[in-house]
Amino acid sequence: MRALREWLLRLWATVGPRRRDDDLEEELRLHLDLVAEDARRRGDDPDEAVRLARIEAGSRAQAMDAMRDQRGLPWLEDMARDLSYALRTLRRNPGFTATAMLSLALGIGANTGIFSLVDQVLLRRLPVSEPDRLVLLNWRGPSAAVVQSGDGHLMSYPLCRDLQEQGRFFDGAFCRHPWPVNFSAGQQYEVVPAELVSGSYFHVLGIRPALGRFINPSDDVDVGNHPVVVISYDYWKNRLGGAEDAIGRKVLVNRTPMTVIGVAPAGFGGMDVAEPATVWIPAVMAREATIEFSPVLNRRAFWMHGFARLKPGVTAEEATAGLQPWFKAMLDADTRREDFPRVTPEQQRAFLASTLEALPGDQGWSRLRASIVRPLWALMAGTILLLLLACLNVASLLLARGAERRQELTTRMAIGASRGRITRQLIVEALFIALAGGLAGLAVAPLVSRALLYFMPQGTGLAPVVDLRIFLFALGASLVAGALCGLAPAFQAGRRPLAASITGRATPAGADVRFRKAIVGAQLALTLVLLAGAGLFIQTLASLYTRERGFDSGRLVMFRADPAGTGSPASDAPRVMRDLLLALQGVPGIERVSLANNGLFGSLGASRVLTIDSDRRIVTERPVPMLRIGADYFSTLGVRLIAGREFDERDTFDVDRTGFRSVIVNESFVRRYFGGLNPVGRRIGFGNRPDTPLNIEIVGVVGDFRRRFLRDDAEPEHMFVPFARSGAVAGDGTFFVRVRGEPEAAFASIRAAVAEVDPTLPLIGLRTAEDQVLQALRSEVMLATLSAGFGGVALLLSAVGLFGVMSFVVTQRTQEIGMRMALGATRSGAIWLIVRDALTTIAAAAAVGLAIAMTVGLVAPAWLSTALYGVSSSDARTFAATTTMLAVVALTACVIPAGRAAALSPMVAIREQQESMWRAARLNVRRAMRELTAVSERVVAPGTLTAAVAAAIHRADSFPDAVELALATLRDRVGARFILLLERAGGEYRCRECAIPADGLLINRLRRYPHPLLLTAGDFEAWGRWADELQPTCAVEIAQLARTGARMAVPLWSKQELVGVLLLGAPEGREAFTAPEKELLSGAADVFALLIENAGLNERALQQEKLRRDLALAAEVQRRLLPAQPPRCETATFAAFTLPARTVGGDYYDFLELPGERLAIAVADIAGKGIPAALLMSALQASLRVLATEQDLSSSALAAKMNGFLNDSTAGNSYATFFYAQLDFRSRRLRYVNAGHNPPYLVRRVGAAVEIAELTIGGTVLGLFPHMQYEDGHVDLCPGDLLVAFTDGVTEARNDAGEEFGEERLKELLREVNGSPAETISSVLSDRVRQWIGVAEQHDDVTFVIAAVR
Amino acid sequence: MSNAPPKKADVLQGTLDLMVLQTLDSLGPLHGYAIAGRFEQVSSGALRLNMGTLYPALMRLEQRGLIRATWGTTDTNRKARYYALTAAGRRQLAREKQAWDQMAGIIHTLLHGKA
């Protein structure tokens, strides 16, 4: 109780008013003051006492923290803070936020929308008591049915009655039959779904009526004698206005008066969730309810679904097993019944082997469910992939932003946010996006559901609802999505080292790019899987649509008419139908008209067992579906007539009391029962008794046509009988109209013709046969359309993702691209560079995606092949096409970034990069400042000094600016005459005005006692006296401090380090600061300390970054300027080698082919480092290349010209040593000039000895002085001579011990290897130098050029 | 018992509340420092409370409605926050005291045999 009160108060303190921080602080201050007071009373030094108190009583800051934690609920505060922070960040980036939310809204919306239907169709259980205990009873085996109505899980009504007696396993059983009835409760007729139910139905389901009573067993006794109905809650509410007196009302069911006895509870729609019933009618009223179906008590009529309720504790398996003895006995007894059909012994055995099984019945029975379960799951899988893709998209966006936000995050870490805290922050942000996206997704969901419902049959009870379950699903999906999205950036933030990321650029962003590429790759792979699925479904649809149907759907229009439905007398129906036919036949533009009792691709209607007079008297093995058709039916539909004739007027409307006289059968029928022989003229009879009269003549045979499913491999046997028959109560029928011209154009004239016969007669489902075909293919159309839609969205998402990453890559590689273009790369080369980069990602993704698609295709062929038609689940063509499509779209997405790369002008690229680096730095500073402010706002109560200082920083553009502003603000707020910030620099703390030693008096004092220190003129005086006497070394410092006139010194601490000191001048109009002012300043000191530390870090990182960039650029320049490989010729072999030091030197060598069979060899060593050296080197190369090709320019003249050129370019600030030689292959003369370069060696064997000459003739280095003269040297080369030019990096290479490689060692080595080809010498030489350097640091480039004369 | 100086005693978990309540009951309204001083006094200096322990505990008791705080002034004219027992606090104290005595009795018997 007390704890609850505490918790509530803390909660209240978290969200509402609470004790302010300064209130808490005041209490602690009192505590410390009293400690000090006590100490004074005891005679201790008060400052010392306070220090001791602090040690003893704990730090005030820590106590403050503990109190703050106790005051509110810290975790809630943190959470609220994270959330409000996330909100602010998201509001600042509306583009990002919108994109991310939209992606997730699409993903979550699609999932939720489809789940809503999955839930309604596949997951939800019947709203009855204990649905778990309901079982659906299924007859397995041949049923010996003579009449069959409907499909799946059927049994006869008498069997159902038998089952009710099975009390050992069941608490009751019932059966039901769904059927649409013409229903009228006073106004007009309408067709409503009804359930014909056994009397036990409601009792076994265990539900209560909303009004009145339910049908009970006593209403289900005598056939035709219980005209009562129960109506649905919705019908009662909507049509009867929820009238209390609805009970007892008379209603008409197919024109039979019945009485309403009860109203079903709200939400109950019978056993088929997809087709909820409006009316419940006792099964014994079947004849009245279904018009033509009468054999209710016939054991051979299979038309009902049987359900039972298991006894508590009995499982379905136990019931199945336990029922068999009774079932077998029942079967046995049945065969002895008089009406049992005559069957062969095998048929009888098969019949006796039938079993009755109890299947789970908690979801009732639904035809729709059976047909839609797979498409729905397939779509669900597709949308889950889509959501995953959306998550990847958002993760990728977050990563991209993470790169931008690194500075911010680092600052937060620097001021004490833990890594976990940052991670949580990022996840909260992602979760927030996901939840917002999920909310938007809830709005999208009904649209998706609606789109799905559009492809489903009309009149299902399914609706695009969003209820609690759906809401919870969306919530769950959002949370999962949010966690998925947030993980990547959180991971990224978690592993980034602090200092490295302060500039946001200091570490190469390669890891980032790789991470993002991996994400985009995953997106592309998923997209490919979705696209491949869509491709397969589209292929399936196309195959089914173009499949031979056996009839001609072009120019064919159909509609249904139901004269009895409008309330006209049932006996009138045949006349109305006939009038309609005649009226339509008279319409111009109509070629032919016919009718049938069923349309295309719908129910097959009733089936009958036949006795056939083939070569002998045989009985059909299964009931044959029967269609009643009018005259000219086949010619109207365009079905092939194989033998005999169609029905004509004689057959159809000639009422004959003995029943049908003529029948037409299809090809399958003939194949099966006549062995393919022409059956025209043979006779058949309905039923299978020995005495069944064979009084119906086969008058024609027609080709098979698809009546039911376009998918069926072979059409089953069908028979067709004349539409009208004796004693027909009423007849609804489907009219088929073959028109001339556009079928849609005929609609109006058809309507007019019908209106002429009966203006009130509605044309139900007037549409073209083409439409009907599409209706029949709706689940395929649905799969194809929606999967293509998902694929499209996926493609879009990943294209956007790829675009983002490639743009990022281009930005990152701007420098490199500019470099390459500066060095001669073409535009197409630049494009290729980016495209190649993208291609690797795309190729890898395609490979993974294909592998997944193939695996799915191969692992689940059974599952898939039922959903597919005319295409294999691992169809190579489909996969190839979708891969191509993906590749094309993906490459298109790279075109813009690649184009941008190509449009770069080289100099702009390089300059812009530098520029953007500084811009980025400026932005980083701003962001850091903002962050600092934001953080301090949270820590510091508003209105305090610290807050003011922090707010001032906010305006800053750079760290020095920030410091400046902060100082000014502080000075104004405390009213000090001046303020000085002494920063640590080497052994001092200094500012412009003064400097004090780091080991001096003041600093030591502040170190010992880390709080602001009040100073007075008297203090300085006393210190001065003390110093004069005891510590003369301090006198200077004290004098200096006294000169400044400071009245307070504030130490700036950051992480146990004194980073600076603030010196404040006396307050305006007063001589000294007060103790509270002192306290105030210790808070502000923290902000300063942080600022100084960050400034230092930022500065250092920026400098490092600049250096790194310079070096990278220089290295690239150099790499490009050196020749790729040495020249080849007959006179000599050449080799060159260069080993760059880590910091760039400026070694250069070149081979140039000159006119007149000459070759120029150049080696240069440029002084300086970084960009300047690299640029000088490129200038040197350019001038050399221009000058060298000038004919008749001697080496010395060349050197002189180059000296002038370099001197002009560098204004004498830099120079290069240079060796240049021209080798004439014909004369073997080497002319050279040595401009201050290490003398190259000419190694020549003279007899047994090896002599080494140095080529020294020339002049001084290039570039230092204008107008220098150079001298030419020359040597005539002999075979076996070896020329080695090198830079000082070779001879000055130092080993670990600091020892130089030296000229002697080099000469020794050259003596050894003399005589080998240049290539060999080069490799020996480079190995030796490398070995020499070993683990030591290499200070300079090592370069040499070798020519070995043959 | 050894002659070693009393060691800094740790506050037994859960006893701090009882100690605060009892102190306020016997001495009337006190500020935080005085409460800490009283603890130190009765423990002969063995029990010195960290501010970070004492003040959050006072806040918790206040939130639970067992004590009430008001700002007043000390004899030296300093602003101070005085804590006083509420009726609920008095009842709580009585309950806890009884429970403590009972527990102490059990422990004592356990440690030293028949009392």
Side-chain angles (χ1 to χ4, degrees), chain A residues 1-14 16-42 46 49-74 1075-1076, chain B residues 8 11 14 16-18 20-21 30-41 43 45-83 86-93 95-96:
Chain A
M1 202 43 222
R2 295 274 160 212
L4 179 66
R5 184 193 142 104
E6 174 195 342
W7 192 84
L8 284 175
L9 269 172
R10 290 173 71 175
L11 181 64
W12 177 239
T14 306
R18 57 182 176 198
R19 270 181 81 186
R20 290 171 45 130
D21 278 355
D22 46 7
D23 194 76
L24 303 180
E25 248 175 279
E26 177 64 30
E27 194 171 6
L28 298 180
R29 196 152 42 227
L30 170 78
H31 191 104
L32 289 176
D33 285 353
L34 291 176
V35 171
E37 225 168 83
D38 276 359
R40 249 197 306 281
R41 214 171 294 140
R42 285 198 304 268
V50 170
R51 201 177 67 81
L52 284 174
R54 245 169 235 238
I55 292 167
E56 209 159 90
S59 96
R60 202 174 65 193
Q62 188 207 336
M64 272 299 284
D65 278 350
M67 283 172 84
R68 279 202 203 98
D69 283 352
Q70 176 65 33
R71 176 177 59 185
L73 296 168
Chain B
K8 188 175 179 220
V11 183
L16 181 60
D17 290 4
L18 180 58
V20 171
L21 293 177
L30 292 175
H31 52 64
Y33 180 72
I35 297 173
R38 169 75 176 163
F39 290 172
E40 204 174 325
Q41 180 200 342
S43 66
L47 182 62
R48 286 186 179 164
L49 275 191
N50 195 305
M51 289 196 296
T53 309
L54 175 65
Y55 286 95
L58 288 172
M59 197 183 251
R60 188 172 59 242
L61 289 172
E62 192 186 346
Q63 284 163 341
R64 294 189 172 195
L66 303 177
I67 59 177
R68 188 183 302 117
T70 44
W71 283 100
T73 43
T74 64
D75 347 328
T76 56
N77 225 16
R78 279 222 43 168
K79 214 173 115 184
R81 204 166 148 90
Y82 281 90
Y83 293 91
T86 63
R90 227 175 292 284
R91 283 196 299 277
Q92 177 79 4
L93 174 64
R95 266 198 302 276
E96 287 202 6

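In what follows, chains are A, B, ... by sequence order, proteins preceding strands, each numbered from 1.
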CA sep, side-chain torsions, deciding dist, call: B/Tyr33, A/Asp33, side chain to side chain contact (heavy atoms under 4.5 Å, CB included): CA-CA 10 Å; B/Tyr33 180 72; A/Asp33 285 353; over 6 Å; no

Residue A/Leu8 versus chain B: region with a heavy atom under 4.5 Å: neither

Kindly check if the number of other-residue, nucleotide or ligand heavy atoms within 6.0 Å of CH2 (B/Trp71) is above 12? yes

Please report the shortest heavy-atom distance between A/His31 and B/Ala36, naming the atom on each side. CE1-CB, 4.1 Å

Search all heavy atoms of A/Leu30 against all heavy atoms of B/Lys79 and return the closest pair with its distance. CD1-O, 3.6 Å

Take atom CZ in B/Arg78; do more than 12 heavy atoms of anything else shown fall under 6.0 Å from it? yes

Quick one: which residues of residues 56-63 of chain B reach chain A at under 4.5 angstrom, heavy atoms only? B/Pro56, B/Met59, B/Arg60, B/Glu62, B/Gln63

Test side chain to side chain contact (heavy atoms under 4.5 Å, CB included) on A/Leu28 and B/Tyr55 and set out the steps. CA-CA 8 Å; A/Leu28 298 180; B/Tyr55 286 95; 3.6 Å; yes

